[in-house]
K.L.:
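This is the structure I want to talk about, given as structure tokens.
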Amino acid sequence: MSGDHGHKDSQVNSGSKASDSHKHKDKEHRHKDHKKDKEREKSKHSSNSQHREHSEKKHKDKEREKVKHSVDSSSDKHRDKPREDKERRKEDKIKSSHVDKPKKEKENGYANPPAVKSEPDEDNGFYPSPKHHKSSKREYDDEEFEYKPKKVKTENDKKSKKRKQEYDDDNEDEDIKPKKKIKDKRGADGKKSKKEEEEKWKWWEEERATDGSKWRFLEHKGPVFAPAYEPLPAKVRFDYDGKHMKLSPPAEEVATFFAKMLDHEYTTKEMFRKNFYKDWRREMTPEEKSKITDLNKCNFNDMSEYFKAQSEARKQMSKEEKQKNKEENEKVLQEYGFCVMDNHKERIGNFRIEPPGLFRGRGDHPKMGMLKRRIRPEDIIINCSKDSKHPKPPPGTRWKEVRHDNKVTWLVSWTENIQGSIKYIMLNPSSRIKGEKDWQKYETARRLKKCVDRLRSGYRDDWKSKEMRIRQRAVALYFIDKLALRAGNEKEEGETADTVGCCSLRVEHINLHSKMDDQEYVVEFDFLGKDSIRYYNKIPVEKRVFKNLQLFLENKQPEDDLFDRLNTSILNKHLQELMDGLTAKVFRTYNASITLQQQLKELTCPEDSLPAKILSYNRANRAVAILCNHQRAPPKTFEKSMQNLQTKIDEKQSQLSVARKQVKSAKADHKASHDDRSKKTVELKRKAVQRIEEQLMKLQMQATDREENKQIALGTSKLNYLDPRISVAWCKKYDITIEKIYNKTQREKFAWAIDMAELDYEF
DNA sequence: CTTATCACTTAGAATCTGATAT
DNA sequence: ATATCAGATTCTAAGTGATAAG
């Protein structure tokens with residue numbers, strides 16, 4: 001498929017993920033009666049360790065001998081391990097400082113384990129990441145009361161020169177900001193200048209707080225509530241058992257939620273119907289309850305038709321009406337869509353409270369169809385600073401609470417009734433508070449890059465450990481690193497769909513094949529991950545991993561945990577010891593970003609046309625999306641849109657042949673007449689051919705891109721996993737405008753990267 | 001330790017919008 | 001002008017991981 005264009009990099013080529021396997025809708029896949037009750041779990045472990053005494057195979061015995069469960073061996077771990085690590089690291093450094101790595105070197109290759117370490121030895125990060133040094137993190141050296149944008153933090157020499165020009169204006173900044181803030185609400189002039197300044201605010205050139213506080217001043221208008229329910233016009237019918245029935249407003253409202261989803265597959269699902277019906281009944285009057293006893297006898301069709309007509313009517317609205325609507329929205333946005341945080345007006349991400357409706361859980365969710373209740377002001381907790389103008393609850397209501405907690409970033413929260421979890425209103429990704437965190441995330445991943453070889457040889461050693469828990473940890477980490485699996489927290493059973501990540505993999509999720517086709521030691525993964533997206537992959541592993549997996553599987557039932565002595569908390573604790581700030585998810589970020597960087601190097605030809613370069617970029621992006629298993633349902637209009645494109649290509653092709661003929665005849669003309677005029681015509685026609693060729697090329701690129709992208713979602717990795725500076729640098733290197741790869745929203749989110757990355761940026 | 005809670009990031013689908021084709 | 005479509009935007013569910021509580 002797409003990403004593999006002859007690169008030998010293991011992240012990209014690892015395994016053979018069936019690209020056609022996406023959503024797993026079948027129920028069989030999920031075992032319903034998987035009871036993970038703790039008692040059973042525990043007893044299993046103890047019996048496990050007993051069982052392990054009688055053996056079948058010789059080499060297994062040997063394996064077993066080496067591995068004792070931690071119960072008896074927790075104290076006999078190798079004491080000298082840390083020292084070893086240190087030594088190794090030193091050695092690596094020495095080597096690497098002399099061996100200049102060729103640019104091409106794969107940064108994360110497993111294929112050839114680190115004979116020579118290749119990381120550049122530039123340890124001092126060029127900006128002080130707060131996560132970096134825990135020690136300094138929580139001390140706040142400048143005084144609480146004054147928020148002064150200070151000069152840019154100490155920078156590494158090589159970077160500083162290019163940043164220098166930009167931060168000379170500290171003082172100016174400082175003066176402008178308060179003024180600007182006051183001016184805010186005023187007329188055109190104030191607004192305009194404010195806008196420009198705000199857009200240009202370079203928070204990344206300012207100091208970050210080093211205590212735990214997230215802000216010093218926060219003022220906002222509170223949330224926008226869902227519009228109140230408007231009862232249906234009398235003519236809209238609801239029929240029960242063939243007879244018209246007028247529902248009470250509360251029951252009717254919930255019925256409309258169902259009616260609006262009638263065309264959706266959800267409403268055919270047993271679980272959905274059951275949950276909906278149960279919650280619906282609770283909204284009914286006693287009479288309704290006694291009359292309505294069977295959901296199957298309910299006819300929502302007329303209601304459904306009514307809503308369809310409504311949305312149709314909305315589409316048919318006149319331009320003026322639409323315009324008016326738009327302005328209305330804009331007004332709400334201006335009023336509620338922004339807040340003031342530390343002297344800057346910032347965009348809020350989701351300022352509207354989620355309207356009531358039926359819960360749409362993904363995959364086989366036990367709660368799908370339940371009523372998501374309406375949120376009232378009394379449910380709302382407001383967070384803002386004490387000295388701000390507090391948001392007002394709607395007339396006649398009050399907030400649940402107003403608090404002033406600057407250790408958190410949210411402005412509004414409420415508790416949702418399906419899972420009992422808390423929902424938040426937070427800032428937009430373009431905000432300082434999100435941007436800083438994002439930047440920091442990539443810096444942590446870059447620190448991982450510097451020590452990943454050490455870590456890798458560490459976990460390889462651990463495959464041989466005497467302790468079961470350490471072996472499990474090491475194999476799990478190998479999967480997380482090599483396959484970019486998620487950590488896999490435990491989930492409460494019965495509350496959510498049955499999905500897993502690495503640490504929560506069960507025996508039934510893998511199959512071992514000591515021989516498969518022409519490969520040895522193949523592990524076949526088949527499980528549902530986040531959002532119930534299927535992960536299917538066959539991947540050859542090292543013999544030692546394979547043997548370990550066999551060991552982990554011994555005496556277990558399909559529904560038992562593969563890594564019974566491991567969970568995310570243990571794993572992350574371990575990772576934290578290996579590197580400050582390291583957690584399982586950092587590997588995903590690291591591997592995604594490093595893969596993009598490599599792929600871009602490999603796939604981009606400097607002499608390619610612009611569309612070809614864009615295709616290369618998308619292919620690099622796609623390689624990452626495949627690695628991270630970011631799938632999507634093929635768009636409903638996919639086939640059609642491919643056809644449309646093909647039609648265009650055909651057209652262009654015939655245009656091209658026409659144009660070519662014209663060149664020929666023009667040439668003939670010129671030969672005959674030899675005059676200037678005909679010569680000009682030849683040139684003109686040639687140009688036309690060239691232009692059409694280019695256009696054709698572009699269309700073909702587009703078609704290829706789209707085809708390859710049929711069920712792969714690029715957005716998630718682009719937005720969450722790829723260090724934007726890699727992309728910015730790539731654009732600069734090949735003289736491609738940033739707009740070609742980032743749309744407006746993305747440019748806003750990545751403003752920091754666009755501003756700071758130069759063409760030589762290395763992740 | 002285990003479990004619960006909280007805050008925050010990551011995720012695909014649904015919906016909207018505005019450009020382009022008819 | 002209107003319909004269609006693709007890309008942008010919104011929506012909110014579902015993860016991760018830190019920390020508090022038991």
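Labels below follow one simple rule: chain letters A, B, ... track the order of the sequence lines, proteins then strands, and each chain is numbered from 1.
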K.L.:
Among the candidates C/dG17, B/dT10, C/dT12, find the nucleotide nearest to the side-chain atoms of A/Ala487.
P.N.:
C/dG17
K.L.:
Compare the minimum distances between each of B/dT9, C/dA18, B/dG12 and the side chain of A/His630, then state the nucleotide with the smallest one.
P.N.:
B/dG12
K.L.:
Distance check: side-chain N/O of A/Asn743 vs OP1/OP2 of C/dA8, anything under 4.0 Å?
P.N.:
yes
K.L.:
A/Lys214 near the nucleic acid: base, sugar-phosphate alone, or nothing, with a heavy-atom cut-off under 4.0 Å?
P.N.:
sugar-phosphate
K.L.:
Assign each of A/Ser413 and A/Lys636 to its nearest nucleotide of DNA chain B by heavy atoms, then name whichever residue's nucleotide is nearer the 5' end.
P.N.:
A/Ser413
K.L.:
Could you check A/Gly501 against A/Gln702 and say which one's nearest nucleotide on DNA chain C is further toward the 5' end?
P.N.:
A/Gln702
K.L.:
Before accepting this row, confirm whether a basic side-chain N of the pair A/Lys710/A/Glu639 lies closer than 4.0 Å to the acidic partner's carboxylate O.
P.N.:
yes
K.L.:
Where the side chain of A/Lys423 is defined as all heavy atoms beyond and including C-beta, which of B/dC8, C/dA13, C/dG17 is the nearest nucleotide?
P.N.:
C/dA13
K.L.:
Taking only N and O in the side chain of A/Thr499, is any of them less than 4.0 Å away from OP1 or OP2 of C/dG15?
P.N.:
yes
K.L.:
OP1 or OP2 of C/dA6 sitting under 4.0 Å from any side-chain N/O of A/Ser641?
P.N.:
yes
K.L.:
Would you say that A/Tyr336 contacts A/Ile425 through its side chain, given a criterion of any heavy-atom pair below 4.5 Å between the two side chains?
P.N.:
no
K.L.:
Going by heavy atoms in the side chains, are A/Ile375 and A/Glu354 under 4.5 Å from each other?
P.N.:
no
K.L.:
Please work out if A/Pro429 contacts a base, only the sugar-phosphate, or nothing of the nucleic acid, heavy-atom cut-off 4.0 Å.
P.N.:
nothing
K.L.:
Ignoring hydrogens and angles, are the base of B/dT10 and the side chain of A/Lys585 linked by a donor-acceptor pair under 3.5 Å?
P.N.:
no
K.L.:
Nearest to the side chain of A/Lys434, heavy atoms from C-beta on, is which of C/dG15, B/dT9, C/dA18?
P.N.:
B/dT9
K.L.:
Which nucleotide, B/dC6, C/dG17, B/dC8, lies nearest any side-chain atom of A/Ala584?
P.N.:
C/dG17
K.L.:
Check every atom of B/dG12, C/dG17, C/dT12 against the side chain of A/Ile533 and return the nucleotide holding the closest atom.
P.N.:
B/dG12
K.L.:
The side chain of A/Asn644 lies closest to which of these nucleotides: C/dG17, C/dG7, C/dC5?
P.N.:
C/dC5
K.L.:
Once you apply a heavy-atom cut-off of 4.0 Å, does A/Gly349 come out as touching a base, just sugar-phosphate, or nothing?
P.N.:
nothing
K.L.:
Could you tell me the separation between the OH atom of A/Tyr721 and the C1' atom of C/dT16, rounded to a whole number of Å?
P.N.:
9 Å
K.L.:
Would you call the rings of A/Phe258 and A/Phe276 parallel, tilted or perpendicular, taking 30° and 60° as the class edges?
P.N.:
parallel
K.L.:
Is any side-chain nitrogen or oxygen of A/Lys491 closer than 4.0 Å to OP1 or OP2 of C/dG15?
P.N.:
yes
K.L.:
Please give, in whole Å, the distance from B/dC16 P to A/Gln310 CD?
P.N.:
13 Å
K.L.:
What is the distance, rounded to the nearest whole Å, between atom NZ of A/Lys315 and atom P of B/dT17?
P.N.:
13 Å
K.L.:
For C/dG15, take OP1 and OP2 only and decide whether either is under 4.0 Å from a side-chain N or O of A/Asn489.
P.N.:
no
K.L.:
Quickly work out the A/Arg360 CZ to C/dT10 P distance and round it to whole Å.
P.N.:
18 Å
K.L.:
So which nucleotide from B/dG18, C/dT12, C/dG15 ends up closest to the side chain of A/Lys326?
P.N.:
B/dG18
K.L.:
Would you tell me if any nitrogen or oxygen in the side chain of A/His365 comes within less than 4.0 Å of OP1 or OP2 on C/dA13?
P.N.:
no
K.L.:
Is the phosphate of C/dA6 approached by A/Thr637 (side-chain N or O, under 4.0 Å from OP1 or OP2)?
P.N.:
yes
K.L.:
For A/Asp438 and A/Arg403, find the nucleotide of DNA chain B closest to each by heavy atoms; which residue's nucleotide sits nearer the 5' end?
P.N.:
A/Arg403
K.L.:
Distance check: side-chain N/O of A/Thr583 vs OP1/OP2 of C/dG17, anything under 4.0 Å?
P.N.:
yes
K.L.:
Quick one: does any side-chain atom of A/Gln334 pair with a main-chain N or O of A/Lys331 as donor and acceptor, under 3.5 Å?
P.N.:
no
K.L.:
B/dA11 phosphate, OP1 or OP2: any side-chain N/O from A/Thr716 under 4.0 angstrom?
P.N.:
no
K.L.:
Is there a side-chain polar atom (N or O) of A/Arg362 under 4.0 Å from OP1 or OP2 of B/dT10?
P.N.:
no
K.L.:
How many Å lie between CD on A/Gln576 and C1' on C/dT16, as a whole number?
P.N.:
14 Å
K.L.:
How close or far is atom P of B/dC16 from atom CZ of A/Arg314, stated in whole angstroms?
P.N.:
7 Å
K.L.:
I want to check one thing: is the phosphate of C/dA6, taken as OP1 and OP2, less than 4.0 Å away from some side-chain N or O of A/Arg706?
P.N.:
yes
K.L.:
Between A/His220 and A/Phe351, is the ring centroid distance below 6.0 Å?
P.N.:
no
K.L.:
Scan A/Gln440, A/Arg446, A/Arg447, A/Lys441 and name whichever one has a side chain to side chain donor-acceptor pair (under 3.5 Å) with A/Glu443.
P.N.:
A/Arg446
K.L.:
Look at the side chain of A/Lys530 and decide which nucleotide, out of B/dA7, C/dA14, C/dA6, has an atom nearest to it.
P.N.:
C/dA14
K.L.:
Could you please name the option among C/dG15, C/dT12, C/dA6 that lies closest to any side-chain atom of A/Arg486?
P.N.:
C/dG15
K.L.:
Taking only Lys NZ, Arg NE, NH1 and NH2, and the carboxylate oxygens of Asp or Glu, determine whether A/Lys308 and A/Glu305 approach each other closer than 4.0 Å.
P.N.:
yes
K.L.:
In whole Å, what is the span from the CD atom of A/Gln323 to the P atom of B/dG18?
P.N.:
9 Å
K.L.:
For C/dA13, take OP1 and OP2 only and decide whether either is under 4.0 Å from a side-chain N or O of A/Lys372.
P.N.:
yes
K.L.:
Send over the distance from A/Arg534 CZ to C/dA14 P, rounded to a whole Å.
P.N.:
20 Å
K.L.:
Just call it for A/Gly715: base, sugar-phosphate, or nothing, with non-hydrogen atoms closer than 4.0 Å on any strand.
P.N.:
nothing
K.L.:
Name the nucleic acid region contacted by A/Ser421, choosing base, sugar-phosphate or nothing; use a 4.0 angstrom heavy-atom cut-off, strictly under.
P.N.:
nothing
